[in-house]
> 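Below is one structure. I have some questions about it.
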Amino acid sequence: MPELPEVESTVRALRPKVLGQTLLRAHALDPVFDPVPKSLSLPAQVRALERRGKYILFGLGDLWLVVHLRMSGRLLWEEGQARPPHTRLVLEFPQGNVLFVDVRRLGTVEVVPEFTEELGPDALSDLSFLPEALKGSRAPIKVWLLDQRNIAGIGNIYAAEILFRAGIDPRRPANSLGPRAVQRLKEAIPEVLTEAIEALGTTLADGAYQTPEGEAGDYEPWVYGREGLPCKVCGTPIERIELGGRGTYFCPRCQR
DNA sequence: TCATCCCTGTGG
DNA sequence: CCACAGGGATGA
């Protein structure tokens, strides 16, 4: 589910709840996360809450509690005793709890002294590296955008949305993009991601994603998940192909 | 660079 | 029943 806009929305909603607050206890409801409470020295004050790509980092004393939501994870803020199905980990604060909920159990929570993931520049940072970086790869541009070592934060929904906005066929090799296409891509990335953050992300029909306070995201994809439906710009049916093992949606007329 | 796997649920 | 799902690690 969660890509940069959903993760950023999650962090923004949680920051005022937990920044500077004291994590009193951590409680694993899934044996996979038993090591987490043990490896923390509690109570500890939350000195930072940050997003790096799609990772969420809680700064706790000298340690980082690192969360990756993968496909179906989410963090909820719960002031009562409610424990939704598939709650895996509870972080207890004086005024409420942060719940890590994850149906598919692909998400990860780790405690580390240092964050060492090898991530490319954040998708919302300065993108002037793009032209040179793209020259070095023959991978389809959509596959390139999904590789977090190239650029961090873009996932399957927004890769499709960004390439639609930029008018680029997702199958084109990265190194085949001319200067004008690269420029459009460079502009489309922050435009799409910023709009999605303002909408609090994308909540698909299954309703799996919600903000920590239970709100749905309002972003409405132009192409993602719209196979066979008319392109909102030109009316041509949206196509679905497979790229890099993932479903890939695009408008064959608007994207070349 | 690809398929495969991790895991669970839903929809066709 | 099978296909597919917002992500990513792994090994061939």
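The chains referred to below are lettered A, B, ... by the order of the sequence lines, with proteins before strands, and numbering in each begins at 1.
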> Distance between the P atoms of B:dG9 and C:dA9, in whole angstroms?
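One P to the other, the span is 24 Å.
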> Could you spell out the base pairing of DNA chain C as a dot-bracket line? Use Watson-Crick and G-U wobble contacts where both distances are under 3.5 Å, [ ] for crossing pairs, | for partners on a different strand.
|||||.||||||
> It should be established whether A:Lys54 places a side-chain nitrogen or oxygen under 4.0 Å from OP1 or OP2 of nucleotide C:dG7.
yes
> Do the side-chain N or O atoms of A:Arg149 get closer than 4.0 angstrom to the phosphate oxygens (OP1, OP2) of C:dG7?
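A:Arg149 to C:dG7 OP1/OP2: no side-chain N or O under 4.0 Å.
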> Are more than 12 heavy atoms from other residues, nucleotides or ligands located less than 6.0 Å from atom CZ of A:Arg83?
yes
> What is the distance, to the nearest angstrom, from the CG atom on A:Leu145 to the C1' atom on C:dG8?
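Interatomic distance, CG of A:Leu145 to C1' of C:dG8: 16 Å.
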> CD of A:Gln210 versus C1' of C:dG6: gap in Å, rounded?
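Rounded to the whole Å, the gap is 14 Å.
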> Considering residues, nucleotides and ligands other than A:Trp77, do more than 12 of their heavy atoms fall under 6.0 Å from its CH2?
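It does: A:Trp77 CH2 has more than 12 such atoms within range.
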> Write down the distance between CG (A:Leu146) and P (C:dA5), rounded to a whole number of angstrom.
13 Å
> Taking the same atom, C1', in B:dT1 and in C:dG6, what whole-Å distance lies between them?
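That atom pair is separated by 23 Å.
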> Please give, in whole Å, the distance from C:dC4 P to A:Asn156 CG?
13 Å
> For A:Trp64, does the six-membered ring have the charged nitrogen or CZ of A:Arg47 within the cation-pi criterion, i.e. under 6.0 angstrom from the centroid and within 45° of the normal?
yes
> For the pair made of CG in A:Asn150 and C1' in B:dT1, what is the distance, rounded to whole Å?
13 Å
> Does a nitrogen or oxygen in the side chain of A:Gln148 sit under 4.0 Å from OP1 or OP2 of C:dG8?
yes
> With salt bridge (Lys or Arg N to Asp or Glu O under 4.0 Å) as the criterion, how do A:Glu220 and A:Arg226 come out once you've worked through the C-alpha distance, each side chain's angles and the decisive distance to 0.1 Å?
CA-CA 11 Å; A:Glu220 288 200 24; A:Arg226 300 192 66 248; over 6 Å; no
> Any chance the side chains of A:Ser72 and A:Asp102 put a donor and an acceptor closer than 3.5 Å?
yes
> I need the CD-P distance between A:Glu242 and B:dC2, as an integer number of Å.
12 Å
> When you compare B:dC7 with C:dG11, how far apart are their P atoms, in angstrom units rounded to a whole number?
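My reading of the P atoms in B:dC7 and C:dG11 gives 16 Å.
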> I'd like to compare against my own output: the B/S/- annotation of nucleotides 6-12 of chain B with a strict under-4.0 Å heavy-atom distance to protein.
BBBS---
> Under 4.0 angstrom, heavy atoms only, what part of the nucleic acid is A:Tyr158 near: base, sugar-phosphate, or nothing?
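Touches nothing.
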> Do other residues, nucleotides or ligands put more than 12 heavy atoms under 6.0 Å from A:Glu118 CD?
no
> Measure centre to centre between the rings of A:Tyr219 and A:Tyr158, then say whether the value is under 6.0 Å.
yes
> Looking at CG of A:Leu23 and CG of A:Asn97, how far apart are the two atoms once the value is rounded to the nearest 0.5 Å?
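Here the interatomic distance stands at 9.5 Å.
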> Does the side chain of A:Tyr219 get closer than 4.0 angstrom to OP1 or OP2 of C:dG6 through an N or O atom?
no
> Would you kindly give the CG-to-P distance between A:Asp147 and B:dT1, to the nearest whole Å?
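For the pair A:Asp147 CG and B:dT1 P, the rounded distance is 10 Å.
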> So if I take every side-chain heavy atom of A:Ile157 and compare against C:dA5, C:dG7, C:dG6, which nucleotide ends up nearest?
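So the side chain of A:Ile157 is nearest to C:dG6.
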> So A:Arg165 and A:Glu161, salt bridge (Lys or Arg N to Asp or Glu O under 4.0 Å) or not? Walk me through it.
CA-CA 6 Å; A:Arg165 176 76 61 103; A:Glu161 297 299 301; over 6 Å; no
> Start with the C-alpha distance between A:Glu187 and A:Arg184, add both sets of side-chain angles, then the distance that settles salt bridge (Lys or Arg N to Asp or Glu O under 4.0 Å), and finish with yes or no.
CA-CA 5 Å; A:Glu187 291 167 5; A:Arg184 292 199 306 275; over 6 Å; no
> Separation of A:Glu118 atom CD from C:dA9 atom C1', in whole Å?
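Roughly 13 Å, once rounded to whole Å.
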